[in-house]
Enquirer: 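Input: one structure, supplied below.
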Amino acid sequence: MASFAFYSALFSTNSLLLPPCVHRLPIYLQTKQNISQFSVIASSSTGGSELTTEAAVTKTESERTSFGFKNLTETFWVDVHRAEGRPLSVRLNESLTFASSKLEKVESVVIRIELRNGCVGWGEVPVLPLGNWNQAMALEKVKEACKFLGQGPPLTLNLVLDKISENVPGREFASVRAGLEMALIDAAANSIGVPLWRLFGGVSNTLSTAATIPTASLVKAFDLAAKYCKLGFKILELRVGRDLNADIEVLQAVRAAHPHCLFILDANEQYTSKEAIEVLEKLNEKGATPVLFEQPVHRDDWRGLSEVSTVAREKYGISVAADESCRNLVDIQKLIQENIVDVINIKLSKFGVLGTLEIVEMVKKSKLNLMIDSVAETRLAAGVAGHLAAGLGCFKYVNLSAPILLSEDPVVGGYEVSGSNHKFVNSRGQGGFLKWDIAS
C-alpha cells in the first residue's frame with residue numbers, strides 16, 4: 001500500500017536513496033496517479049521507534065530547502081498503520097485564568113499516528129474548560145477520527161487533511177483538527193527527513209518568545225518577572241483585567257524593577273473601552289507603557305475595540321491586538337478592512353495548522369502584524385507552532401512560553417530551550433515525542 005510520493009525534480013533518479021525499510025512498488029502502482037513527471041511511491045509495514053523505524057532518506061541541504069509544504073501535501077501518500085489518542089494531564093506551577101475559568105493543570109489529548117512505512121507523527125489537542133467542552137469529549141472525538149484514519153485507503157496528504165476537516169469541522173472542533181493535522185504533517189515530514197520549520201518556509205530555525213505572567217498578586221507577579229528576566233526574557237506578557245487599580249499597581253511595580261523589559265498586556269476581554277483607555281492613560285503617566293495591548297474589550301464590542309485601538313495608536317504609539325475577536329476568517333476580514341486593530345493573534349488550537357496558514361497569507365497582504373500565541377499545552381503543540389513561526393518568519397510577536405508553566409515536561413526531544421530562545425535542531429519532523437505509557 002502506498003505511503004508517500006515525490007517528484008523527481010527534487011532528486012535525481014540515479015541517486016535516489018531509500019532507507020532499508022522502504023521498497024519500490026510495482027510499476028502499475030507507481031504510475032497510477034496520472035502525473036507527467038516521474039514519481040516514486042514507497043511503503044513498509046515495519047514498526048519501531050517513536051519517530052521512524054529506520055534512517056531517513058538522505059538529502060542535500062538544497063534538496064531539503066526546495067521541498068515545501070504545498071509539494072508535500074500534494075505528493076505524499078498517507079497510509080496509516082495505527083492511529084490513537086490518549087489523555088494527558090500535567091499540573092501547572094502557576095494557575096492560569098481563561099475568561100472566568102481558573103486552570104490548575106493542563107489537560108490534553110495526545111495523538112500518535114504511525115504510517116505503514118514505520119514513521120510516526122505526534123499531535124496535541126489542548127483542552128480549555130470553556131462551555132461544555134472537556135477532555136473526555138475531546139478524547140472521544142479524537143478516537144472517532146483515528147478510527148477513520150486507520151480504516152481509510154491510502155490518499156495524498158492534502159486529501160486526508162480535507163477528510164479531517166469534514167469529520168471535525170468548524171470552530172467547535174478546531175483544537176481536535178489542529179492535533180490531527182499536527183500528527184499527520186509530522187509523520188509525513190519524518191518520512192521524507194525534513195524538519196517542519198523548513199517545510200513551512202525555511203526562514204529560520206530559531207525564535208525568541210515572550211513569557212507569560214498569569215493573573216496574580218503583586219508579590220507573585222514581581223517574583224515571576226524577576227525569574228523570567230534573569231532567564232533572559234526580554235518581553236513579558238502580563239494578564240490583566242481583574243481589578244483596574246490592582247492591575248496598574250502590578251504593572252508599575254514590575255516595570256520599575258525591570259525597565260529594560262518590554263511588556264504586553266493581555267486583558268482577555270475584561271475591560272470596558274473606557275477602562276482600557278484609563279489603563280493606558282495612567283500607565284503613560286507612570287512611564288510604563290506596553291508595546292502591545294491584547295484584547296482589551298469583549299470579543300463582540302467592535303466599536304469599543306476600535307476606540308481603544310485608535311487612542312492607543314494615535315496618542316501613545318501602542319499597538320492593539322485582537323485575539324478572542326478573531327473567531328473565523330470573516331472576523332479577520334472585518335478587522336483588516338475596517339482597520340480596527342494593528343495585530344492579529346493566532347493560535348493553532350483555534351484555527352488548526354491549515355487555517356493558520358490561510359490566515360497568515362491573508363494578513364500578510366494587509367498592513368497588519370501577526371502574533372502567534374500558545375494556550376495551556378506541552379512542548380508537542382508549542383513545538384509545531386514554533387516550527388511554523390520560525391519557518392515563516394513573519395510574526396512580529398511570539399509567545400510560546402506555556403510549557404514553562406508546567407510542573408514537569410513530558411515531552412522527549414523536541415526543540416532546545418535557552419531562556420527565551422528556542423532552537424529547532426532536529427533533522428526531521430517536529431522532533432519531539434511522548435513516552436506513550438505516560439498518557440493513559
Side-chain angles (χ1 to χ4, degrees), residues 1-7 10 18-19 21-26 29-35 39-54 56-57 67-85 110-125 141-169 176-196 199-200 352-355 357 380 384 387 428-430 433:
M1 305 205 25
S3 67
F4 64 88
F6 44 89
Y7 291 118
L10 303 172
L18 297 176
C21 66
V22 175
H23 64 273
R24 296 189 185 184
L25 295 184
L29 285 178
Q30 293 179 17
T31 58
K32 69 176 182 179
Q33 302 170 81
N34 191 31
I35 297 176
S39 65
V40 175
I41 306 174
S43 174
S44 171
S45 60
T46 60
S49 75
E50 298 310 310
L51 296 177
T52 181
T53 57
E54 299 287 346
V57 177
F67 198 87
F69 182 72
K70 188 173 186 295
N71 285 336
L72 179 74
T73 62
E74 293 175 347
T75 60
F76 186 95
W77 282 76
V78 175
D79 188 2
V80 176
H81 174 60
R82 182 183 294 108
E84 53 186 321
V110 178
I111 301 170
R112 181 183 186 274
I113 295 178
E114 182 180 345
L115 305 182
R116 292 193 186 276
N117 65 6
C119 294
V120 176
W122 293 85
E124 180 181 4
V125 181
K141 203 66 185 175
V142 167
K143 286 182 176 179
E144 290 176 9
C146 286
K147 183 178 180 181
F148 160 77
L149 287 172
Q151 294 177 346
L155 295 170
T156 52
L157 180 57
N158 59 347
L159 294 180
V160 175
L161 293 173
D162 286 345
K163 294 290 184 182
I164 291 297
S165 295
E166 293 172 6
N167 279 269
V168 282
V176 175
R177 189 166 62 252
L180 291 162
E181 289 173 347
M182 289 178 199
L184 286 163
I185 294 167
D186 187 32
N190 276 317
S191 298
I192 63 170
V194 176
L196 290 188
L199 278 178
F200 288 131
V353 178
L354 299 187
L357 293 173
L380 282 180
V384 175
H387 273 278
R428 57 183 184 269
Q430 57 99 353
F433 64 91

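Small disclaimer: the values here were computed from a predicted structure and weren't measured.
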Enquirer: With rounding to the nearest 0.5 angstrom, report the CG to CG distance, D162 to L354.
Expert: 8.0 Å

Enquirer: Looking only at non-hydrogen atoms, find the nearest pair between V142 and G85 and report the distance.
Expert: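 Scanning both residues completely, I find the closest heavy atoms to be CG1-CA, 3.9 Å.
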
Enquirer: Can you name the residues that form a side chain to side chain contact (heavy atoms under 4.5 Å, CB included) with A178, not counting sequence neighbours?
Expert: M182

Enquirer: Return the CG to CD1 distance between L199 and I185, rounded to the nearest 0.5 Å.
Expert: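 Nearest 0.5 Å value for the CG-CD1 distance: 8.5 Å.
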
Enquirer: Apply the test side-chain contact (heavy atoms from CB on, under 4.5 Å) to residues L180 and L149: give CA-CA distance (whole Å), side-chain angles for both, the deciding distance (0.1 Å), then the verdict.
Expert: CA-CA 10 Å; L180 291 162; L149 287 172; 4.3 Å; yes

Enquirer: Measuring from N117:CG to D79:CG, what's the distance to the nearest 0.5 Å?
Expert: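 Those atoms lie 8.5 Å apart.
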
Enquirer: Over all heavy atoms of both residues, which pair between F148 and K163 is shortest? Give the atoms and the distance, please.
Expert: CZ-CB, 3.5 Å

Enquirer: Could you pull out the closest heavy-atom pair between S191 and C119, with the gap in Å?
Expert: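 Minimum heavy-atom contact is OG-CB, 3.4 Å.
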
Enquirer: Hey, does the side chain of N167 reach the backbone of A145 with a donor-acceptor pair shorter than 3.5 angstrom?
Expert: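 No, because the side chain of N167 does not come within donor-acceptor range (under 3.5 Å) of the backbone of A145.
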
Enquirer: What are the two closest non-hydrogen atoms of A83 and C146, and how far apart are they?
Expert: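 Taking every non-hydrogen atom into account, O-CB, 3.4 Å.
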
Enquirer: Given side-chain contact (heavy atoms from CB on, under 4.5 Å), test K70 with N158 step by step and report yes or no.
Expert: CA-CA 9 Å; K70 188 173 186 295; N158 59 347; over 6 Å; no

Enquirer: Any heavy-atom pair between the side chains of E181 and L161 that's under 4.5 Å?
Expert: yes

Enquirer: Which residues pass the side chain to side chain contact (heavy atoms under 4.5 Å, CB included) test with A188, not counting sequence neighbours?
Expert: L72, F76, L157

Enquirer: Output, in order, the C-alpha distance, side-chain angles, deciding distance and verdict of side-chain contact (heavy atoms from CB on, under 4.5 Å) for D186 and V384.
Expert: CA-CA 9 Å; D186 187 32; V384 175; 5.9 Å; no

Enquirer: Once you round to the nearest 0.5 Å, how far does CZ of R112 lie from CZ of R82?
Expert: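 Reported to 0.5 Å precision, the distance equals 6.5 Å.
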
Enquirer: Under a 4.0 Å N-O cut-off, is there an ion pair linking E144 with K141?
Expert: yes

Enquirer: Are L115 and V80 close enough that some pair of their side-chain heavy atoms sits under 4.5 Å apart?
Expert: yes

Enquirer: What heavy-atom pair brings L380 and G123 nearest, and what distance separates the two atoms?
Expert: CD1-O, 4.3 Å

Enquirer: Is a side-chain donor or acceptor of N190 paired with a backbone partner of V120 at a separation under 3.5 angstrom?
Expert: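 Yes, the answer is positive, given that a donor and an acceptor are paired below the 3.5 Å cut-off.
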
